[in-house]
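What you see below is based on every heavy atom in this structure, not just the backbone, and it leaves out hydrogens, waters and symmetry mates. For reference, positions follow the sequence shown, starting with 1.
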Amino acid sequence: MSAQTNLTTALREIDRARDIVEFSTAVVTCDKQLRKADHPAFLQKAAVEFQSRFLPSFEQSIRAGRSWGYATTCNAVSRKAGGHAGRDACERIASRVSQLDQALIGKVGVRALSIFAASFGRHSGRADCRNGAIRIANFCREESRSLQRLNNLSLAALINGFSKWPEEADFRQAAAAIAGEVICRAGRRHQLSDFTQQGLVSLVNGFSKWPEEAASRQAAAALAREILRRPGRLCDYAQQGLAILVNGFSKWPEELPVGQVTVAIAGEVLGRVVRFHEFSEQDLANLVNGFSKWPDEAVTRQAIVAIASELLRRAAQLPHYTQQALSNLVNGFCKWPEDAICRNATVAIAGEVLCRAAQLPDLTQQGLANLVNGFGRWPEETTFRRAAVVLAREVLRRSAQLSDFSQQGLANLVNGFSNWPEELPFGQVTVVLAGEVVRRAERKAGLSGFTAQDLRGLLIGFNKWSQESAARKAMIAIADEVLRRGARLFDFTKLESENLLNDLSKWPQDAAGDRTIAEIIRQLQLTQTEAVQPRVGDKWSRQTR
């Protein structure tokens, strides 16, 4: 049968459908059977028919118990092949879902809602899709017992749909409810033995969007233990599945079962070296970025080096890599700066960044910070310095948007640029970054959102430009935060302590006399003394302030 005949037959099938049940059955069946050339034309026609013929009676069909047909049709047409018509149909039905009362949304059924959530998440930039997903999220939170009726794939569909809006409280709370259900099942006799590989992968990916949530961490640990309970099964996972697991689990590197699974996956990846050509650029980037969270494990290092070798073999393909993939690769390779293969792979990426100087406005804040921080691990390399210069100019161009950078992002930028203290653009951008730190310090929350590691990096970085008044003000603000917390936050090396003390002693008299800096100097001197004596106590006193 010719392609045109296939398409004609499929269109005739949906035309003959008398109700939403027959229509959705025809759409799902033909969706699986049609060839790639026919697929978009069919789905777009189906989306138009769906809107005009069946959407007007949505609520009536729900009362008649026919919501499943709407969910499966929406799932099909909302995919990329559905085009604008499919997106419009998805928006229209999301709008209707957002207006359902508690009784009616309960009649939809939680399985159908999980499919709607996954569909709406494909168009996360659309307000109607977001509102429809919020309505489903609230239902899941308020009627959490209904989650017991879902299998692992439906739970995964919910969490991955909600994960497209990780910053929204409604979705975070719904994700916690889903995580609670996974944790509950893990505590039963058969644990998570009925979870499929696809379900495990998708759930890890979904929970990783809320890494700070205790429920997400506990659910991820339970999923990791389930994977460990299936020895020898990692060989059954597709390359993409392994990469998604590593990328997801990397959000909780301190969890023992998560680390154990990641080490096992690193071993599996090493066993597939001859098949590395089957890994996509995104898979390689996710693996590198994930493995880098366990830099002390020999097997993760070996896997990283093997991937770096593969990247060098693919160097001609770097122009096709996404900006995010490049930044993730650099973020991983830089954890092993002493390895020549990792360095050479990063040099190739730096060359690609230079070629894309005009495209840097498309780079995310996190990607920008990761590149700067990564290139800074090899300050003696000319290519890295040149790439850092164009990145510094991009940060200067975004000076009005610095409030959008995360705390870690700011710290990575300052720490990265500090590796070239003699370069003019790096000094200019550091002054701008110092101004942002001071502005944040003046807010009600101050610098409380910065981790000890972030503050340490900022203090060391700004110290390279302590001749600049903006950098000194930032250092005083950071020192105030350190002393406010009243704890020994920094574990400076002997050389770092000496450099800080040496530079602080050169500050202008009015700044050097600041009581905050005087206390920091005292603590640094104490640290040097303790380097040769047993440490007594763990507090930073504020008595001299």
Side-chain angles (χ1 to χ4, degrees), residues 14 20-21 23-32 34 39-40 42-59 61-62 66-100 104-140 146-147 150-166 168 170-171 174-175 178 198-199 202-203 205-206 209:
I14 60 174
I20 187 60
V21 175
F23 183 82
S24 63
T25 300
V27 169
V28 172
T29 301
C30 296
D31 181 41
K32 295 176 181 178
L34 286 173
H39 202 211
F42 170 75
L43 287 181
Q44 289 165 30
K45 173 65 174 175
V48 173
E49 290 287 308
F50 178 53
Q51 276 205 71
S52 62
R53 293 173 56 192
F54 302 106
L55 195 55
S57 57
F58 179 52
E59 289 81 1
S61 295
I62 291 175
R66 296 181 172 183
S67 56
W68 184 254
Y70 286 87
T72 54
T73 302
C74 184
N75 182 52
V77 302
S78 64
R79 292 193 174 99
K80 185 177 180 179
H84 291 303
R87 184 199 65 197
D88 291 345
C90 185
E91 280 188 89
R92 291 280 302 279
I93 200 164
S95 177
R96 303 287 281 269
V97 168
S98 69
Q99 299 171 43
L100 296 177
L104 205 52
I105 198 171
K107 287 184 176 295
V108 172
V110 70
R111 284 186 63 212
L113 290 175
S114 71
I115 295 176
F116 279 132
S119 303
F120 301 162
R122 296 188 184 115
H123 302 286
S124 57
R126 297 290 174 169
D128 284 336
C129 290
R130 171 183 166 275
N131 292 337
I134 286 176
R135 184 68 189 92
I136 297 172
N138 289 335
F139 175 82
C140 292
S146 66
L147 297 175
L150 295 179
N151 64 21
N152 65 101
L153 294 177
S154 293
L155 289 173
L158 275 176
I159 194 73
N160 279 291
F162 297 156
S163 71
K164 303 304 188 297
W165 300 275
E168 295 275 355
D170 295 295
F171 299 118
I178 297 168
Q198 182 184 347
S202 295
L203 285 166
N205 183 59
K209 302 304 190 295

Got a second to check how far [X]'s [atom1] is from [Y]'s [atom2], nearest 0.5 Å?
X: Ile178; Y: Leu150; atom1: CD1; atom2: CG; result: 8.5 Å
X: Leu147; Y: Cys140; atom1: CG; atom2: SG; result: 5.5 Å
X: Thr73; Y: Ile14; atom1: OG1; atom2: CD1; result: 10.0 Å

Closest approach of [X] to [Y] (non-hydrogen atoms, all atoms of both residues):
X: Leu100; Y: Arg135; answer: O-NE, 2.9 Å
X: Cys90; Y: His123; answer: SG-CD2, 3.9 Å
X: Phe58; Y: Ile93; answer: CE1-CD1, 4.0 Å
X: Ala85; Y: Gln44; answer: CB-O, 3.7 Å
X: Val77; Y: Ala89; answer: CG2-CB, 4.3 Å
X: Trp165; Y: Ala133; answer: CZ3-CB, 3.5 Å

With Phe139 via ring-ring contact (aromatic ring centres under 6.0 Å, His included) - residues at least two apart: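 By the ring-ring contact (aromatic ring centres under 6.0 Å, His included) rule, Phe139 matches no residue at all.
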Partner set under ring-ring contact (aromatic ring centres under 6.0 Å, His included) for Phe42, not counting sequence neighbours: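 Here no residue qualifies.
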Please identify each residue that fulfils side-chain hydrogen bond (donor to acceptor under 3.5 Å, both in side chains) with [X], with sequence neighbours left out.
X: Glu91; result: none
X: Thr25; result: none
X: Ser24; result: none
X: Glu168; result: Arg130

Is a donor on one side and an acceptor on the other found under 3.5 Å between the side chain of [X] and the backbone of [Y]?
X: Gln51; Y: Arg92; value: no
X: Arg87; Y: Gly82; value: no
X: Ser57; Y: Phe54; value: yes
X: Gln99; Y: Ser95; value: yes

Output side-chain donor-acceptor pairs under 3.5 Å for residues 152-162, partner residues at least two apart or in another chain, one line each.
from: Asn152; atom 1: OD1; to: Thr196; atom 2: N; distance (Å): 3.3
from: Asn152; atom 1: OD1; to: Thr196; atom 2: OG1; distance (Å): 3.1
from: Ser154; atom 1: OG; to: Asn151; atom 2: OD1; distance (Å): 3.3
from: Asn160; atom 1: OD1; to: Asn205; atom 2: ND2; distance (Å): 3.0
from: Asn160; atom 1: ND2; to: Ala156; atom 2: O; distance (Å): 3.0
from: Asn160; atom 1: ND2; to: Ser202; atom 2: O; distance (Å): 2.9

With a 3.5 Å cut-off and sequence neighbours excluded, list the donor-acceptor pairs that the side chains of residues 108-119 form with protein atoms.
from: Ser114; atom 1: OG; to: Arg111; atom 2: O; distance (Å): 2.6
from: Ser119; atom 1: OG; to: Asn75; atom 2: N; distance (Å): 3.4
from: Ser119; atom 1: OG; to: Ile115; atom 2: O; distance (Å): 2.9

Residue pairs involving residues 70-79 (criterion salt bridge (Lys or Arg N to Asp or Glu O under 4.0 Å); sequence neighbours excluded): Asp31-Arg79
Contacts of Lys107 that satisfy side-chain contact (heavy atoms from CB on, under 4.5 Å) - sequence neighbours left out: Ile62, Leu104
For Val28, all residues meeting side-chain contact (heavy atoms from CB on, under 4.5 Å), sequence neighbours excluded: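 Lys32, Thr72.
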Minimum side-chain heavy-atom gap Ser163-Phe171 below 4.5 Å: no
Student check: side-chain heavy atoms of Phe120 and Ser78 closer than 4.5 Å: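 Of all side-chain heavy-atom pairs linking Ser78 with Phe120, none is under 4.5 Å.
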Counterpart residues, salt bridge (charged side-chain N to carboxylate O under 4.0 Å, His left out), relative to Lys45 (two or more places apart):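 Glu49.
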